[in-house]
Engineer: 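Got a structure for you, questions after.
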Amino acid sequence: LTGFVILISGIYLAAIFAIAWWGDRLPDDKPLFRRASVAAAVVYALTLGIHTTAWSFYGNVGRATSPGFHYLPATLGAILFLAFGQSVLRRVIAVSKARHITSVSDFISARFGKRRPLAAFVALALLVGVLPYIALQLKAVAFSFDILTGASAVTQNRGPHSLIAGATDFWVAVTLAAFTMLFGIRHIHASERHRGFVLALAFDGLVKLVAFVTVAVFILYGMFDGLENLLEQARSSSSLQQLLVWDGSNAAWYASTAAAFLCYLCLPQIFHVAVVENDDPVAVRAAAFLYTAYVLPFVVFMTPIALAGLIALGGSVHPDTFMIALPMAANAPVIGLVAFIGGLSAAAGMIMVSAVALSTMLCNDVVLPSFLRLRETQTKVDMTRVVLVVRRALVVVVLLLAFAMQRLIDQNAYLVEIGVMSFIAAAQLAPAFFGGLYWRKATTAGVIVGMTLGFAVWFYALLLPSIANVPQNLFGLGFSDPVTNTAVWSLTLNVGAFVLLSLLRPATRADLDNALAFEHIAAAAALESGRASTVRDLADIAAQFIGRDHASAAFSQYVQTRARQSNQVFDFESHVDEAAIRFSETLIAGAIGAASARIVLAASISKRRRSRNSERPTLEEASAALREKHALLRSITENVQQGICAFDADMRISAWNSRFEQLLDLPAGTVKVGMPLADVIALNRARGEYTAEQFDRLIVNRDLARLTWPYVYERTRPDGTVLEVTFNRMDVGGYVATFVDVTDRHSAAQALRTANELLEERVRDRTLALEQAKIEAEHANADKTRFLAAASHDLLQPLTAARLFLSAQQAGLREPDAAVRGLETLAMYADNALAALESTEGLLTELLYISSLDARAITPKVQSVDIGALLTQLRKEFMPFAAKRGLQLRVASTTLVGLTDVGLVRRVLQNFISNAIRYTRKGRVLVGCRRCGDRLRIEVWDSGVGIPEDMRDEIFLEFRRLPGESTDAEQGAGLGLAIADRIARLLGATLTLRSKVDHGSVFAIEIPRAAVRSDAQALPAVTEPVAADEQGMLILCVDNDRRIRDGMKALLERWGHRAVCAHDLETTNICLGNATPDIALVDYHLDKERSGLEVVAALRPLWAHEVPVVIVTADRSEAVREAAHAAGCTLLHKPVKPAALRRCVNEARRGRKIRGETA
Amino acid sequence: MTAGPCIVIADDHPLVQAALSASLQQALPGAHVRGASTIEGLVDEISRATDDIDLVLLDLSIPGSSGFVGLLLLLKRFPTLPVAILSAKDDPSTIRKASHLGASGYIPKTLSLDAITEAVRRILSGDVWMPPGVADEPASSSDRDVTERLLALSPQQLRILSRVVEGKQNKLIAYELGIAEQTVKVHVSTILRALGVHRRTEAAILVERSVPRSLDERSED
């Protein structure tokens, strides 16, 4: 039978090996199962089943035979942890994956400073803590083997064995060590994940379950008549009934459960399957349920089996062996074998995983560091081989130690109690483990001291008594049983020291960094496990803060970059990872700050995950408030006139408003969060936005450390707009740039500058003009002075002469014998004086004329001028003068008509002719006119002295005369040509002079010619003063004196009027008829004593209009004057003077004219 | 009519007065020549005369007269009194204006003594004497316009206008004429309205312009 059992065991182990081998052959790059698939969850749950060790087959049954359900705590702890600690588990998985953590010691040391001593301490502590557990498994297998094969009496297997030989437990240990080495540590993998191993474990777990259920069903239904029957039998016995009663007052039970709960994940084998070998964190949730279902049979059937054992076998058999003993007792060795296989598989699974985990831990944290330190110099070692060898060796060591431990600890102790011992040991790691995961302030020092204390208590209070059988009351305090005592005290001290030390001393930088890293990883994991698990979800969150467009643009770019870099599919549907979260955080931080961004992300994650959590409304409110604030800020920045752009400390754009894009003319969508300023500048450079000087002023080309803040500069864009750019540092780090369009200000300044320049120019021009004017004025003043000097001289000369002549005459007249001198001489003196004065008067007249010309007091009156008539007139005028000089004056007849002011031209010609006559001794003077295009030229020729070349300009100046001709009394004033020159300028006419000395000169004036002759002005004859009035009037004369009537009539008719004379009213009516006279001259004293006023009064009604009446009278009395005035008549005294009469008539004519005009 | 004509020479220059007076008395036997040096003096002289004044020879630039104001004043005041202008000015525009206003003649001082006495004689015999070449030319419309406006003024208004042109204030004018200032004020506004101007300065310019000033007058001022 022994051989058969060994064979079956061998076949079973070979099967497991085959599965592991097959599993390892599967392709490596794909996960074993689809994510979140049922298969993955099932496999995961089955591997977790290693927690259901051999003790479930043996120890628990034994424990169930005593009241208090003491078999429960271990399983219950696991169930509770999986039920409530899923988030912890997920978090641990995430951190471990991210940090490549492969063991509990790794995990704790990764959190607390990566210290080797700590890791080593944890590894060794776990070794010590778990060894009893492994020992327990060895014991169980050996024990069951012995029972099955009957190698020793069922009841006798308690005595001391020979140390090795024949000891089943030793061979079990050796076999399992070999087996573990073979397939647990076949190769080294960075992740320490072994697919085949996992599959084998899952198979193992399945076998375990099937075996247990098979045995349980056989016992319940094969040996008894079902559960009801069994329970009825149990109730009949009071001792058995106790087993079914729950006793809630058992402190050890609670302590055990708590320890099992706490230590669950800290157990190396559990950590290995639950964390290291975990392929799919999503499976955790489902696996928790599946696991509960899995362990249910082990829990439910335990007490019935115990009851069955007690009923069927009584106290003859050790309760731990009921599982095998019962079938054997029922003569069903096959079922016994099944139970054995189940126990074997349970033990093997646990031992293998524990051994692998422990060896890995010890190898990495204890052996290898020491080994490396020793072999420091020799680097050329194939570490893989070394590690492999070390690990295999360690497996052997661990199992041998376990074997030794098995021999050491109390043989009588229940298996479960040994398990609880391990649990409490492993639970010492829990404060460090969970504290490190969740408490940022946890420090390494606290962890080390706390764990040391905890282990010390455990060792002293629990392990020592087990080995040395020394009862320990643990300081004489606390609870009655050692388990509770140890658990409470060790954990209290542990946690107390940990917390106290952590609080007392501030966390080191490294601790903090690790804590934050853990949090980050955890956040990522949380996202990953929750529903907000795709990049799109992150983009949606970000969109709430930085706007939909910006967010999607930024994420599009991010996704592309990621896909390019990782060479993997990465899109909006991809699952988020730590990097993606960090990116989102940066993105949102640009809008609301780093701290807020972290909170928002956490809140968003929490919102999804804890949908039924009470925190949700608060968080939503908070994030809504944040969003509202953000929207407000955004709309504020959007509404300012300045373009605003914020940069982080690395000069990457973190926020901006649309005015910024608008001012810089950046195409929409160009600017993105996280875009470096350098990119914007490169874009602008490519568009030719900067001149070299402007480029130099850009902030990126400045030494930031040396700048004075705010840094302000102006930049003219190619389209002419001027931007004022202000860079300033922000308190929160980074920079903010504002852009203001100052084009208007600039153009205004430019206009001002231009205006100023223009003004200066004008001032300059005016100054120049003024200086010019001043010079001219000074010149004119000098001219005037010269002119006055010359004029005074020329005036004084004749005046002096006149005074001398008059003095001589006066002297002559006063002489007593005036007659002696002769009257003739005196008369000659008077003539000479008169001539001198006349010349003075003439000169003054000329001067006045010149001044009138200079003062522009004379306005030319341009009209058609009959040149022929003008010349004839001039000939008449100068003929006597020429004749007197013995000269011939000839005028060529012409029919030309000029267009000019006749008076002024005549004046010029008069001067020309008089000069010609004056400076010609013999010969003739000729005046003629010739046509010259549309002008005509009147020339005055003489055969005189001629004018030397150098005098030709000078003679046109005032008081310049040709020398040598001054003897003549007819000397000119010396102003003739000066006047001619001025008149020519006034008329716009041209004066020309041709001359040849001793042959004569030609003076000419050129004037415009009139086109037609018809309207040529006939020159009035210079004859009698014109006396005639233009129109004759009808004048009524009433006088009784015929002589007066005739005289008046004659006078009036000479003035061109018609006179109607009458001597009284009747004759007046007859003479006048119906006519109305223009004026009535009425004598006051008429015949028949009638007054002129009466006649007027009688006549007036007959006249067509009012007629001015002049009453003529010799009566100078006041009465007549008043009477005349009263009648509205003018009074004229006799004798009537012609001048007065004329005046009256003229007044009347003017009145008639006015009347005619107004009528 | 055995007595010679009675002539008043209104000229502020005593020498001219004396010389002309002597010449006229020589040329017109029995002539009675008197003198006045201001408009007011002249008016007094004429008013006081017991016998008829046959002719007034008026210098245009006599004190109390600006432009033609003095002439107008006389013509208005004495409707039957012949007034001739005796002036150094001989520009046709002035001559025509004077004629238009009703002067019986215009005698430039530049004429020889013989010509002057001849002109006076002719005027006394009832002719209207003007220098050659200007008498028959009609006055320009603007000349006529100004003179018509001046003609519309009463003698008192002319007196006030003449003082306004001299730049005197209402108060002073009132004092000189022995009337109330308020009256002057009313007159002045009437005058301005009649002349079609808005300010006293404009009135002064209008009147001054009516007779172009020349250098000789300025020196006399």
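The chains referred to below are lettered A, B, ... by the order of the sequence lines, with proteins before strands, and numbering in each begins at 1.
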Engineer: Taking atom CD as the centre, does A:Glu1053 end up with more than 12 heavy-atom neighbours from other residues, nucleotides or ligands that are less than 6.0 angstrom away?
Structural biologist: yes

Engineer: Can you tell which part of A:Leu844 gets under 4.5 Å to a heavy atom of chain B, answering side chain, backbone, both or neither?
Structural biologist: neither

Engineer: Counting C-beta onward and ignoring hydrogens, is there a side-chain heavy-atom pair between A:Trp1055 and B:Asp127 closer than 4.5 Å?
Structural biologist: yes

Engineer: Does B:Gly126 offer a backbone N or O that forms a donor-acceptor pair with the side chain of A:Arg1054 under 3.5 Å?
Structural biologist: no

Engineer: For the NE2 atom of A:His1133 and the OG1 atom of B:Thr80, what is their distance to the nearest 0.5 Å?
Structural biologist: 8.0 Å

Engineer: Would you say that A:Lys1137 contacts B:Ser125 through its side chain, given a criterion of any heavy-atom pair below 4.5 Å between the two side chains?
Structural biologist: no

Engineer: Looking at CG of A:Asn1146 and CG of B:Leu101, how far apart are the two atoms once the value is rounded to the nearest 0.5 Å?
Structural biologist: 12.5 Å

Engineer: Around atom CZ of B:Arg121, are there more than 12 heavy atoms of other residues, nucleotides or ligands at under 6.0 Å?
Structural biologist: yes

Engineer: What is the minimum heavy-atom distance between A:Arg1143 and B:Ser104, and which atoms define it?
Structural biologist: CD-OG, 4.3 Å

Engineer: Identify which part of B:Leu55 has an atom lying under 4.5 Å from any heavy atom of chain A, answering side chain, backbone, both or neither.
Structural biologist: neither

Engineer: Measure distances from A:Leu1141 to the heavy atoms of chain B and classify the residue's part below 4.5 Å as side chain, backbone, both or neither.
Structural biologist: neither

Engineer: Examine whether an atom of B:Ile53 lies under 4.5 Å from a heavy atom of chain A, and if so say whether it belongs to the side chain, the backbone or both; otherwise answer neither.
Structural biologist: neither

